[in-house]
There are 2 protein chains.
Amino acid sequence: MSVDEHRATPVPPTLHDVAREAGVSLATASRALNGSTRTVNETFRRRVLDAALRLNYTPNLSAQAVAKGLSSTISLLVSDIADPYFSSIAAGAIRAADEQRIATTMAVTHRDHERELELVRVLRGQRPRAIILTGSRWDGVASEHRLSDELAAYESTGGRVVLVSQRTLPFATVQLGNATGARELARELVGAGYRRFAVIAGDDRLLTSRERVSGFAEGLAEHGIAIHPSRIVRAEFTRDGGRQGAAELLNVGLDDVDLVFAVNDVMAIGAMSAFRAAGLRLPEDLAVAGYDDIATSRDVTPALTTVAVPLEAVGEHAVRLALDPATDSTTTEPVGATVLLRESTPPRA
Amino acid sequence: MSVDEHRATPVPPTLHDVAREAGVSLATASRALNGSTRTVNETFRRRVLDAALRLNYTPNLSAQAVAKGLSSTISLLVSDIADPYFSSIAAGAIRAADEQRIATTMAVTHRDHERELELVRVLRGQRPRAIILTGSRWDGVASEHRLSDELAAYESTGGRVVLVSQRTLPFATVQLGNATGARELARELVGAGYRRFAVIAGDDRLLTSRERVSGFAEGLAEHGIAIHPSRIVRAEFTRDGGRQGAAELLNVGLDDVDLVFAVNDVMAIGAMSAFRAAGLRLPEDLAVAGYDDIATSRDVTPALTTVAVPLEAVGEHAVRLALDPATDSTTTEPVGATVLLRESTPPRA
DNA sequence: CTGTTAGCGCCTTCAG
DNA sequence: CTGAAGGCGCTAACAG
């Protein structure tokens with residue numbers, strides 16, 4: 001009767017078990033199974049590998065992490081994983097991490113900055129190789145300073161921080177060309193014959209919203225076109241936010257508007273639904289444009305004009321920056337965007 | 001000049017540092033910071049907490065895991081995180097895990113069973129509290145046995161396995177009522193006046209596809225309706241698969257069909273796009289129905305008739321099963337589905 | 001090339 | 001209630 005049968009909770013085999021089974025020392029077993037630098041006699045190697053296989057041994061990654069003071073994990077923070085914007089970035093990030101045999105831990109902030117700060121503290125406990133923060137940064141939000149301090153503390157103890165958004169904090173960042181993309185969209189829309197615009201924006205402290213709105217306005221300004229302030233409404237960065245923004249525009253009146261730009265596709269799609277519910281025909285009565293090029297944008301009717309952001313590539317870049325030793329807190333990786341004119345904004349006479 | 005300034009790589013403060021800073025022993029510091037059972041003098045408690053705050057200390061979770069032989073992580077396997085079906089489940093799972101202060105590690109199988117098996121092996125190394133496998137199980141696929149063995153080994157060493165799909169393997173599972181949902185859908189569709197059906201299914205070894213097809217057929221059979229085998233095509237479980245399936249149906253001819261049921265929304269939406277590209281008017285010329293009720297299904301035009309699966313709740317259930325000590329390998333949690341009749345299947349005269 | 005021996009950061013009996 | 005000491009599984013010098 002082995003000692004195992006006395007134990008209340010069964011327990012996975014350890015390296016020690018493998019070594020004993022193979023009749024070698026712990027060190028040899030360790031080297032045979034992982035041994036980066038050192039090499040080990042082929043006979044012993046086989047014996048160890050066989051033993052490991054026989055016992056169905058899997059190295060305890062936590063133990064490895066404490067022993068070498070380096071984990072094989074990265075942490076990815078997203079606002080909402082059910083949002084296609086973030087799930088696409090996550091897909092790219094997970095794939096890139098996977099290629100380097102790094103596991104990805106995901107956490108969700110629900111767009112709450114206090115929560116985001118708290119999560120960073122918790123995640124630090126995992127001692128991940130890197131923490132990647134996705135989602136727009138905020139302006140004029142007190143917690144941003146505390147967040148920055150927390151991240152700086154993390155970096156000062158060997159971690160790496162990568163931001164996906166704006167470079168408002170002193171960390172490596174994958175920069176999304178929001179202003180440029182929106183400006184280009186505005187130009188193309190003017191080129192297509194549109195002149196009278198309204199905008200459904202997000203919270204003005206959300207830099208992504210701000211950049212897209214101001215970039216769009218700049219593009220229009222180049223053609224001497226201005227957006228009347230009453231034609232810019234703000235709402236949440238969600239589908240319902242889009243519906244609400246549309247309702248608000250409907251209230252102030254849309255007679256002098258021929259195109260509504262929602263600062264992201266999810267909102268644009270919500271807005272389309274609200275406009276249609278109000279009896280408007282799209283695109284005949286009103287044109288709509290969004291931003292991001294989420295998968296749904298081509299499946300709605302009319303297909304949504306938008307600005308494509310290579311989201312999966314963004315996730316990959318973020319991980320690459322995170323894992324590249326050459327990266328430091330001043331590193332920056334710009335990512336471009338591409339205007340996609342579709343049926344929701346047909347050329348106007 | 002402190003010793004820290006000599007170190008090549010900076011390092012996070014340890015519990016030892018905190019204890020020294022607070023002028024107490026390691027044990028006291030440990031108890032003050034986590035100490036479940038033991039209680040510690042209020043004065044010391046404060047001293048320790050203050051010291052921890054001052055040093056910006058975060059407990060090393062890996063070290064805790066090795067010390068107590070129990071990690072605070074669960075692993076979630078999905079086929080494709082950018083697919084709204086899985087990202088919704090993930091959202092629910094992450095939230096539920098979060099509530100119990102458990103971190104979620106995500107891995108992606110890309111619908112490859114070999115990869116899935118490999119991932120389980122790797123993930124076991126993390127010693128997660130549980131491994132949750134989402135996505136349809138396969139029938140007649142050799143690796144399912146090896147997977148089962150691997151999972152059994154994991155469970156025999158204290159882990160917990162939860163499946164989200166079919167209970168074809170001897171582990172706790174959240175069972176999705178695919179057959180029931182599809183049968184109900186068929187009934188409602190017949191009730192709405194439809195009589196001639198075609199189906200876009202997935203790989204026949206995919207149990208989710210099979211269950212939905214056979215449930216649907218059963219529902220029709222109750223009314224004496226059969227689907228001609230040539231009107232059942234198979235394709236990948238993706239949007240492109242849906243397009244392809246639609247093309248195939250278009251080829252064999254759709255004159256004697258008034259409704260196409262795609263076994264999931266993503267495929268249904270791809271099919272709609274293909275049908276429309278072929279000049280069909282939806283729903284006048286052809287009705288379409290899907291399954292899952294992903295967010296996009298209500299945003300397409302016409303809005304898609306589907307069967308709602310409470311995806312986020314499914315994720316939550318999976319985590320609850322995973323973390324509930326009362327769960328064992330025979331536990332089962334059935335989850336119902338609800339038919340949602342929308343514009344893509346208007347009542348027929 | 002192999003084995004012995006300290007740790008890694010933390011928890012947890014076990015004495016005081 | 002507190003502190004000292006051993007151990008968790010593994011790695012990395014250090015000898016042999």
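These values consider heavy atoms only, across backbone and side chains, with no hydrogens, waters or symmetry-generated copies. Chain letters run A, B, ... following the sequence lines, proteins first and then strands; every chain starts at 1. Computed from a prediction, not measured in an experiment: that's the story for all the values here.
Of all heavy-atom pairs between A:Ala91 and A:Glu312, the closest is CB-OE2, 3.8 Å. Among all heavy-atom pairs drawn from A:Thr332 and A:Arg167, the shortest one is OG1-CD, 3.6 Å.
Mapped onto DNA chain D by nearest heavy atom, B:Asn41 and B:Lys68 fall at different nucleotides, with B:Asn41 at the one closer to the 5' end.
The nucleotide whose nearest atom lies closest to any side-chain atom of A:Thr28 is, among D:dC8, C:dC8, C:dT2, C:dT2. Taking only side-chain atoms of B:Val24, from C-beta outward, the nucleotide of D:dG3, C:dC11, C:dC10 with the closest atom is D:dG3. Side chain of B:Ala27, nearest nucleotide from D:dC10, C:dG9, D:dA4: D:dA4.
Counted by atom type alone, B:Gln64 and B:Asn34 present one or more donor-acceptor pairs between their side chains at under 3.5 Å. Remark: the B:Asp328 side chain and the B:Thr331 side chain contain an N/O donor-acceptor pair separated by less than 3.5 Å.
The CZ-P distance, from B:Arg47 to D:dC1, rounds to 16 Å in whole Å. Following rounding to the nearest Å, B:His16 (NE2) and D:dA5 (P) show an atom-to-atom distance of 13 Å. Whole-Å rounding puts the A:Arg20 CZ to C:dG3 P distance at 15 Å. Atoms CD (B:Gln126) and P (D:dG9) sit 17 Å apart, rounded to a whole Å. Put simply, CG on A:Leu15 is 13 Å from C1' on C:dG3, counting in whole angstrom units. Look at CG on A:Asn60: it is 14 Å from C1' on D:dG7, rounded to the nearest Å.
Heavy atoms of other residues, nucleotides or ligands lying less than 6.0 angstrom from CZ of A:Arg46 number 12 at most.
Look at B:Asn34 and you won't find any side-chain N or O under 4.0 angstrom from OP1 or OP2 of C:dC10. Between A:Gln64 and D:dT11 there is a side-chain polar atom (N or O) within less than 4.0 angstrom of OP1 or OP2. In terms of phosphate contacts, B:Ser25 brings no side-chain nitrogen or oxygen within less than 4.0 Å of OP1 or OP2 of D:dT2.
With hydrogens and angles ignored, a donor-acceptor pair under 3.5 angstrom links the side chain of B:Arg31 to the base of D:dG3.
Using a 4.0 Å heavy-atom criterion, one finds that B:Ser30 contacts the bases of the nucleic acid, with or without backbone contacts as well. Counting non-hydrogen atoms under 4.0 angstrom, A:Leu26 reaches a base of the nucleic acid.
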